[in-house]
Undergrad: 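Let me begin by handing over the structure; questions about it come next.
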Amino acid sequence: MAFKTVDDRTLNDIRAIVGETACKSGQDAARYYEDPRGSFTGKDCVVVLPETTDQVSQIVRLCNAAGIAIIPYGGGTGVVAGQLSLDSDAAIILSLERMNRVRSVSPDDFVMVAEAGCVLENIHAEAARHDLMFPLSMASKGSCTIGGNLATNAGGIQVLRHGNARDLCLGIEAVMPSGDVLEELSPLRKNNTGYDLRHLLIGSEGTLGIITAASLTLKPLDPEAVTAFCAISSPADALRTLRTLRRAIGNRMNGMELMSGFGVDLVCAHFPTLRKPFAEDHHWYLLIDAAGNPGVRDETEAALADCIEKGFMLDVVMAESEAQRSALWSLREHTPDANRKTGAFCSSDTAVPIGQIEAFVSGTHAAITGVHEGLRTNSYGHIGDGNIHHNVFPPEGIAKADFLQAHPAIANRVREAINEATLALGGSISAEHGIGRLKRNDLKRHASASKMVLLRQIKQAIDPKNIMNPGALVDWSGCAD
């Protein structure tokens with residue numbers, strides 16, 4: 001389906017809605033065409049920045065009538081090209097960044113209503129002002145927005161205890177393709193009145209509507225927190241540690257991050273102010289975070305001592321202050337930047353059953369080496385939910401650009417090798433980043449025929465003109481005339 005170019009008349013109509021300065025293009029809008037990992041460059045589309053839900057509604061209604069495509073844009077941190085137009089400039093990029101207000105906080109309901117453009121870190125700060133917390137957290141918290149988090153059903157570092165983004169959302173406000181506003185921001189925990197449209201929109205990557213606000217679940221602050229950095233020999237030992245800690249402290253464990261020795265070396269090489277916690281190097285590490293009532297630190301320490309005694313943990317450092325806690329987490333949070341600076345040409349986001357992680361890591365490394373001898377892999381991620389990321393680099397001493405020029409199909413071959421290793425163990429080809437445009441053909445290739453039919457039927461029923469983020473998630477072939 002071909003979309004109309006944004007002509008001068010339409011652009012003037014949009015300017016009348018949002019104001020002259022809220023429409024950008026060309027060099028003024030260059031940052032909206034960039035991919036955070038440098039893998040893609042979007043086309044030079046008109047960027048529109050509405051400030052209210054009513055303005056979004058007016059713009060969508062206008063675009064629907066005119067047959068103009070809309071690409072929702074949150075914080076721009078997505079890594080599967082869901083926020084970029086890769087093939088055509090005949091689209092509007094609709095950024096929610098000016099819709100950044102916290103509308104209300106209800107301590108009695110433990111609920112915050114926040115607009116889609118609110119930066120995740122600012123939501124954390126607002127919750128803390130009420131002695132509460134919003135548990136969703138990730139390395140990009142300083143720039144990602146809650147609308148994008150919900151649109152992709154983001155995971156992050158505390159899924160083990162608190163779940164994904166959809167588990168922390170009670171209600172949604174969204175502008176549908178017709179321009180009508182779906183107002184479902186009730187803070188109710190129980191509301192069994194038909195299809196749960198909130199969950200249909202969460203994870204839909206802007207292909208069914210534009211999330212403009214959400215009711216978010218807040219939780220009490222934990223009086224005691226503990227962070228430990230542990231040295232282990234293998235991912236198998238990580239699973240043994242996970243089982244031990246789950247039995248010892250239960251749901252007081254926020255998260256457990258697996259990190260390779262290779263990855264920690266990269267972080268410290270690119271960020272010299274960061275220091276390795278141990279005097280000697282190890283092949284693998286665990287970053288463990290737990291919180292709860294007073295006593296959780298002692299229980300965690302006892303459980304870790306048990307791991308050392310049983311021989312599947314080599315050493316452990318426990319943070320004694322907030323500064324030390326932050327320093328340990330910095331090693332994990334700087335990992336994506338270190339991968340980028342080192343020259344990763346493939347960054348995976350797949351998930352397998354937790355019990356298959358050891359087989360997944362070893363099998364994937366073998367598959368990647370089988371694609372091309374000498375490729376280097378940094379494996380790290382959320383061991384508590386089976387979401388281990390692989391970042392793949394050219395052989396030592398070869399620049400990324402030179403390697404990709406010599407092997408133009410290598411990124412696709414590596415990604416498919418990781419997908420095959422994932423699916424062989426009963427996993428998913430997308431864990432927390434979504435499908436976007438990067439993985440659309442992967443989904444089509446690996447998903448069941450019945451699933452693809454249902455995805456397209458839902459898309460066609462809600463967005464018959466396919467104006468909502470066309471090209472992301474599902475293709476339109478066989479969907480429309």
Undergrad: Evaluate the side-chain proximity of Leu218 to Val105: yes if any heavy-atom separation is below 4.5 Å, no if none is.
TA: yes
Undergrad: Using only atom types and a distance under 3.5 Å, with no angle test, would you say the side chain of Asp385 pairs donor to acceptor with the backbone of Leu160?
TA: no
Undergrad: Could you point out which residue of Lys439, Arg440, Arg445, Lys444 forms a salt bridge (Lys or Arg N to Asp or Glu O under 4.0 Å) with Asp442?
TA: Arg445
Undergrad: Any donor-acceptor pair under 3.5 Å linking the side chain of Thr364 with the backbone of Ile418?
TA: no
Undergrad: Is the ring pair Phe403/Phe345 parallel, tilted or perpendicular, if the boundaries are 30 and 60 degrees?
TA: tilted
Undergrad: Could you please spell out the steps behind the side chain to side chain contact (heavy atoms under 4.5 Å, CB included) verdict for Ile410 and Val392?
TA: CA-CA 11 Å; Ile410 193 73; Val392 184; over 6 Å; no
Undergrad: With rounding to the nearest 0.5 Å, note down the distance linking CG in Leu96 to OG1 in Thr145.
TA: 7.0 Å
Undergrad: Tell me whether Glu126 is salt-bridged to Arg129, with the criterion being a basic N under 4.0 Å from an acidic carboxylate O.
TA: yes
Undergrad: Is a side-chain N or O of Asn164 found less than 3.5 angstrom from the main chain of Glu432, in a donor-acceptor match?
TA: no
Undergrad: I'd like to know if the side chain of Arg61 pairs up with that of Asn64 as donor and acceptor (distance under 3.5 Å, no hydrogens or angles considered).
TA: no
Undergrad: Taking the side chain from Ser348 and the backbone from Thr350, do they hold a donor-acceptor pair closer than 3.5 Å?
TA: no
Undergrad: If you take all heavy atoms of Ile211 and Ala116, which pair is closest and at what distance?
TA: O-CB, 3.2 Å
Undergrad: Is there a side chain to side chain donor-acceptor pair (under 3.5 Å) between Ser260 and Asn378? Walk through the geometry before answering.
TA: CA-CA 7 Å; Ser260 70; Asn378 176 23; 2.7 Å; yes
Undergrad: Nearest heavy-atom pair of Phe3 and Ile68: which atoms, and what distance?
TA: CD2-C, 4.5 Å
Undergrad: Side chains of Phe360 and Pro353: does their closest heavy-atom pair fall under 4.5 Å?
TA: no
Undergrad: Check for a donor-acceptor pair, side chain of Arg166 on one end and backbone N or O of His199 on the other, with a separation under 3.5 Å.
TA: yes
Undergrad: Check Leu170, Leu168, Ile146 against Leu216 for a side chain to side chain contact (heavy atoms under 4.5 Å, CB included) and give me the one that passes.
TA: Ile146
Undergrad: Please test Val119 against Ser143 for side chain to side chain contact (heavy atoms under 4.5 Å, CB included), starting from the C-alpha separation and ending with a verdict.
TA: CA-CA 6 Å; Val119 172; Ser143 52; 5.7 Å; no
Undergrad: So do Ile59 and Pro50 actually touch side chain to side chain, heavy atoms under 4.5 Å?
TA: yes
Undergrad: For the atom pair CD1 (Ile288) and CE (Met253), what is the distance rounded to the nearest 0.5 Å?
TA: 7.0 Å
Undergrad: Go through Asp54 and Thr52 one step at a time and tell me if the side chain to side chain donor-acceptor pair (under 3.5 Å) criterion holds.
TA: CA-CA 5 Å; Asp54 182 62; Thr52 66; 5.0 Å; no
Undergrad: Any side-chain heavy-atom pair from Cys144 and Asn149 closer than 4.5 angstrom?
TA: yes
Undergrad: Please verify the inter-ring angle class for His389 with His433; under 30° counts as parallel, over 60° as perpendicular, anything in between as tilted.
TA: parallel
Undergrad: One pair to check against side chain to side chain contact (heavy atoms under 4.5 Å, CB included): Arg101 and Glu51. What are the steps and the verdict?
TA: CA-CA 10 Å; Arg101 292 168 288 275; Glu51 195 172 14; 3.9 Å; yes
Undergrad: How far apart are the closest heavy atoms of Pro235 and Ile357, and which atoms are they?
TA: CB-CG2, 4.4 Å
Undergrad: Less than 4.0 angstrom from a charged side-chain N to a carboxylate O is my criterion; do Glu97 and Lys24 meet it?
TA: no
Undergrad: How would you list, by chain and number, every residue that makes a salt bridge (charged side-chain N to carboxylate O under 4.0 Å, His left out) with Asp7, sequence neighbours excluded?
TA: none
Undergrad: Is there a side-chain contact between Arg161 and Pro135, using heavy atoms and a 4.5 Å cut-off?
TA: no
Undergrad: Donor-acceptor check, side chain of Arg376 to backbone of Phe393, threshold 3.5 angstrom: yes or no?
TA: no
Undergrad: Between His365 and Ser379, which heavy-atom pair has the shortest distance, and what is it?
TA: NE2-OG, 2.7 Å
Undergrad: Got a donor-acceptor contact below 3.5 angstrom from the Arg437 side chain to the Leu84 backbone?
TA: yes
Undergrad: Stepwise, does the side chain to side chain donor-acceptor pair (under 3.5 Å) test hold for His124 with Lys141?
TA: CA-CA 9 Å; His124 291 168; Lys141 63 188 176 183; 5.4 Å; no
Undergrad: Please name the residue in the list Ser106, Pro187, Ser215 that meets the side chain to side chain contact (heavy atoms under 4.5 Å, CB included) test with Val113.
TA: Ser215
Undergrad: Yes or no on side chain to side chain contact (heavy atoms under 4.5 Å, CB included) for Leu208 and Met468, after CA distance, side-chain angles and deciding distance?
TA: CA-CA 6 Å; Leu208 301 179; Met468 287 292 175; over 6 Å; no
Undergrad: What I want to find out is whether Asp196 reaches Arg198 closely enough, with some N-O distance under 4.0 Å, to be called a salt bridge.
TA: yes
Undergrad: If every non-hydrogen atom of Pro177 is compared with every non-hydrogen atom of Val60, which pair is closest and at what distance?
TA: O-CG1, 3.4 Å
Undergrad: Using side-chain heavy atoms (C-beta onward) and a distance below 4.5 Å, is Phe134 in contact with Met112?
TA: no
Undergrad: Would you say Lys43 has more than 12 foreign heavy atoms packed within less than 6.0 Å of its NZ?
TA: no
Undergrad: Between Arg413 (side chain) and Val371 (backbone), is there a donor-acceptor pair under 3.5 Å?
TA: yes
Undergrad: Would you confirm whether Asn466, through its side chain, and Pro470, through its main-chain N or O, come within 3.5 Å as a donor-acceptor pair?
TA: no
Undergrad: What distance separates Asn153 CG from Ile202 CD1, expressed to the nearest 0.5 Å?
TA: 7.0 Å
Undergrad: Which residue is it: Leu150, Leu136, Thr217? I am looking for the one with a side chain to side chain contact (heavy atoms under 4.5 Å, CB included) to Cys169.
TA: Leu150
Undergrad: Of Lys459, Lys465, Gln460, which is the lone residue that meets side-chain hydrogen bond (donor to acceptor under 3.5 Å, both in side chains) with Asp463?
TA: Lys459
Undergrad: Between Cys45 and Asp89, what is the shortest heavy-atom contact and its length?
TA: SG-CA, 3.7 Å
Undergrad: If you draw a 6.0 Å radius around CZ in Arg9, do more than 12 non-hydrogen atoms from other residues or ligands fall strictly inside?
TA: no
Undergrad: Test your reading of the model: is there a side-chain donor-acceptor pair from Ser25 to the backbone of Val46, 3.5 Å cut-off?
TA: no
Undergrad: Are any of the side-chain heavy atoms of His382 and Ile157 separated by less than 4.5 Å?
TA: yes
Undergrad: In Å, rounded to the nearest 0.5 Å, how long is the span from CD of Glu115 to CD1 of Ile123?
TA: 10.5 Å
Undergrad: Rounded to the nearest 0.5 Å, what separates atom NE2 in His270 from atom NZ in Lys341?
TA: 7.5 Å
Undergrad: Nearest 0.5 Å please: distance from the CD1 atom of Ile17 over to the SG atom of Cys23.
TA: 9.0 Å
Undergrad: Decide yes or no for Cys63 and Ile92: does some side-chain heavy atom of the first lie under 4.5 Å from some side-chain heavy atom of the second?
TA: yes
